[in-house]
Amino acid sequence: NAGKRPVTIVASGFKLDTEAQENMATVYDTNLPTEIREGQRHTSFVNPDTVDTSKILYAWARDATGREYHSKKRPLH
C-alpha cells in the first residue's frame, strides 16, 4: 500500500483473455478480507494448474469500498 490510509482488500483475481463470459477468475484466499496499512502488502497464491496462465491479462484486487486495483497488463516487458 503506497497510500497513507489503510485499505481493506476483500477479493482478488485475474482478468483473462477469453471470448467466454467467464473472463474473470477470482482467487480463493482464506486470508481475505485483510487490512493493509501504509508500506504493507499482501500476497495471494493460486495453483497454476487451475488457471491458464497464458490467458492472464492482468491481476486485480478489490477493496471494501468496491474500488478495483489492477496490475500492469501482460505481457510484461
Side-chain angles (χ1 to χ4, degrees):
N1 180 8
K4 299 279 183 196
R5 300 180 60 162
V7 174
T8 299
I9 300 298
V10 298
S12 64
F14 303 103
K15 172 73 171 167
L16 304 174
D17 182 16
T18 177
E19 296 295 324
Q21 282 188 312
E22 300 289 328
N23 62 359
M24 295 290 266
T26 301
V27 173
Y28 178 71
D29 187 342
T30 59
N31 295 311
L32 296 180
T34 188
E35 183 178 83
I36 301 173
R37 298 183 181 273
E38 180 181 6
Q40 292 181 320
R41 65 180 176 196
H42 175 77
T43 302
S44 293
F45 293 96
V46 63
N47 180 343
D49 295 334
T50 63
V51 174
D52 183 352
T53 57
S54 69
K55 298 282 185 186
I56 295 174
L57 294 175
Y58 58 83
W60 58 267
R62 184 178 313 115
D63 70 16
T65 68
R67 181 176 176 191
E68 282 193 4
Y69 304 86
H70 298 168
S71 70
K72 292 180 181 176
K73 294 193 182 213
R74 292 187 65 166
L76 301 175
H77 298 288

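Because the structure is a prediction, the values reported are computed rather than measured.
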Original post:
When rounded to the nearest 0.5 angstrom, what distance separates NZ in K4 from CZ in R37?
Top reply: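 K4 atom NZ to R37 atom CZ measures 14.5 Å (nearest 0.5 Å).
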Side chain to side chain contact (heavy atoms under 4.5 Å, CB included) against [X], all qualifying residues, sequence neighbours excluded:
| X | value |
| --- | --- |
| T65 | D63, R67 |
| D49 | N47 |
| T26 | W60 |

Original post:
Counting only heavy atoms not in Y58, do more than 12 fall under 6.0 Å of its OH?
Top reply: yes
[X] side chain near [Y] side chain, heavy-atom distance below 4.5 Å:
| X | Y | value |
| --- | --- | --- |
| L16 | I56 | yes |
| K73 | L57 | no |
| N31 | H42 | yes |
| L32 | V27 | no |

Original post:
If every non-hydrogen atom of E35 is compared with every non-hydrogen atom of Q40, which pair is closest and at what distance?
Top reply: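 For E35 and Q40, the tightest heavy-atom pair comes out as O-OE1, 4.0 Å.
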